[in-house]
Amino acid sequence: MSFTVSIQTQDFDVSQEIAALRAGDARVGAVCSFLGTVRERNDGSAVASMELEHYPGMTEKSISAMMDEARKRFDIFAARVIHRVGLLHPEDQIVFVAVTSAHRGESFKACEFLMDYLKTQAPFWKKEVTPEGSRWVDARVSDDHALARWGIQASNSAV
Amino acid sequence: MNVNLKYFASIREAIGQGAESVATQAITLKTLREELIARGGVYAEVLAHGRAVRMALNQDLCDESAVLSDGCEVAFFPPVTGG
C-alpha cells in the first residue's frame with residue numbers, strides 16, 4: 001500500500017486502514033498510529049461543531065512531501081494519512097496517521113514526526129461554532145516548538 | 001503577466017471571494033502583495049504587513065522573495081490549524 005494520503009469528508013475505519021497498510025508485508029513488526037478527534041471544548045468554550053477548510057492540491061502535495069521526509073529520516077515501510085474536511089462534531093474522527101516498520105522505535109518516531117509536521121505545514125483551517133459565535137481557531141506556538149524538536153524551524157504561529 | 005490568486009479561511013471570508021485572476025507587473029510576491037494592499041479597503045486590512053499572513057507559490061509555502069511567473073498560482077492564508 002506504501003505511502004498514501006486521502007483528504008475526504010467521509011469517516012474512516014481505523015481497523016480497516018491499519019489492516020490494509022500492513023497487508024502482504026511480512027517485514028512489518030510494528031504499526032504505530034495516531035487518531036485525532038474533535039474535542040467538546042477548546043480555549044475555554046464549548047464547541048458545537050467545526051468546519052474544516054483546506055487548499056485542494058496543496059494539501060496533498062504538502063503531505064506527500066512530509067512522507068518523503070519521513071522516509072529519509074526513519075526506516076519505515078509504509079504510511080497512511082487521512083484528514084477529514086467539512087462539517088465535524090465533537091467525538092468525530094478528524095485525522096489519522098499510521099506507519100509500519102520492523103521495530104517499534106522507527107514507527108513511533110515517524111508517526112509523531114508526521115503529525116508534528118502536519119500541524120504547522122499542511123493547509124487546513126478550523127472554524128469552530130461556539131455559544132459565543134463562530135471563530136477561526138488560532139495557531140499554537142507549541143506546535144511550532146513540536147516541529148523544532150525534529151530540527152525543522154516553523155514559524156506558522158508567528159505574526 | 002497574469003497571476004491566479006487564491007484566498008483561504010479568514011482571509012477568503014474577509015475578501016468575499018476565494019479566487020481571482022489579476023494582471024500584474026510585479027516580479028516578486030512582495031510587490032504583488034503591495035499592489036493588493038494598494039487597492040485599499042479590506043485588502044489593505046487583511047494583507048497588511050504585520051498581520052499573520054502565510055503565502056504559497058504554486059502550492060509550496062514561500063516567503064515574499066518568491067519570484068512570480070506568468071500563469072502562476074499565489075495563495076494568501078492565515079496560519080494553518082489542521083490536525
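Labels below follow one simple rule: chain letters A, B, ... track the order of the sequence lines, proteins then strands, and each chain is numbered from 1. Because the structure is predicted, anything quoted here is derived from the model rather than measured. Side chains are part of it too, since the values below use all heavy atoms of this structure and drop only hydrogens, waters and symmetry mates.
- The greatest number of non-hydrogen atom pairs below 4.5 Å with chain B, out of V137(A), L118(A), D143(A), V97(A), is found for V137(A).
- Judged by distance alone, with hydrogens and angles left aside, the side-chain atoms of H83(A) form no donor-acceptor pair with the main-chain N or O of G82(B) at under 3.5 Å.
- Follow the hydrophobic side-chain contacts under 4.5 Å out from Y7(B) and you reach L29(B) in the same cluster.
- The candidate with the highest count of non-hydrogen atom pairs below 4.5 Å against chain A, out of A9(B), P79(B), A52(B), is A9(B).
- Contact of R54(B) with chain A is made through the side chain alone, with heavy-atom distances under 4.5 Å.
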| request: Apply the test side-chain contact (heavy atoms from CB on, under 4.5 Å) to residues V80(B) and F124(A): give CA-CA distance (whole Å), side-chain angles for both, the deciding distance (0.1 Å), then the verdict. | output: CA-CA 6 Å; V80(B) 302; F124(A) 293 99; 5.7 Å; no

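- Other residues, nucleotides and ligands place more than 12 heavy atoms under 6.0 Å from the CD atom of Q10(A).
- By the neighbour-count criterion of 12 heavy atoms within 6.0 Å, atom CZ of R71(A) is sparsely surrounded, having that number or fewer from other residues, nucleotides or ligands.
- The contact between S155(A) and chain B is made entirely by backbone atoms, counting heavy-atom distances below 4.5 Å.
- Residues I63(A) and W150(A) fall within the same hydrophobic cluster, defined by Ile, Leu, Val, Met, Phe, Trp and Tyr side chains chained together at heavy-atom separations under 4.5 Å.
- Atom CD1 of I27(B) has 12 or fewer neighbouring heavy atoms from other residues, nucleotides or ligands inside a 6.0 Å radius.
- Following chains of ILVMFWY side-chain contacts shorter than 4.5 Å, one can reach L61(B) starting from F8(B), so the two form part of one hydrophobic cluster.
- Contacts of K127(A) with chain B are made by side-chain atoms alone, with heavy-atom separations under 4.5 Å and no backbone atom involved.
- Within the 4.5 angstrom heavy-atom criterion, only side-chain atoms of K61(A), from C-beta onward, approach chain B.
- For A122(A), the part sitting under 4.5 Å from any heavy atom of chain B is the backbone (N, CA, C, O) and nothing else.
- Other residues, nucleotides and ligands contribute only 12 or fewer heavy atoms inside 6.0 Å of the CD atom of Q25(B).
- For the atom pair OG (S10(B)) and CD (E53(A)), the distance works out to 9.0 Å, reported to the nearest 0.5 Å.
- Within 6.0 Å of CD on E40(A) lie no more than 12 heavy atoms contributed by other residues, nucleotides or ligands.
- In this structure, the portions of Q121(A) lying under 4.5 Å from any heavy atom of chain B include both its backbone and its side chain.
- Distance CD/E73(B) to OH/Y55(A): 3.5 Å, rounded to 0.5 Å.
- Side chains of P78(B) and W136(A) form no contact here, defined as non-hydrogen atoms less than 4.5 Å apart.
- Residue contact with chain B, scored on non-hydrogen atoms closer than 4.5 Å, involves the backbone of S157(A) exclusively.
- Transitive grouping of hydrophobic side chains (ILVMFWY, heavy atoms separated by less than 4.5 Å) keeps V28(A) and I76(A) in distinct clusters.
- Cluster annotation: L21(A) and I82(A) are assigned to distinct hydrophobic clusters (Ile/Leu/Val/Met/Phe/Trp/Tyr, side-chain heavy-atom contacts under 4.5 Å, transitive).
- We find the CE-CG distance between M58(A) and D60(B) to be 7.0 Å, quoted to the nearest 0.5 Å.
- We find the OG1-CG distance between T81(B) and L52(A) to be 7.0 Å, quoted to the nearest 0.5 Å.
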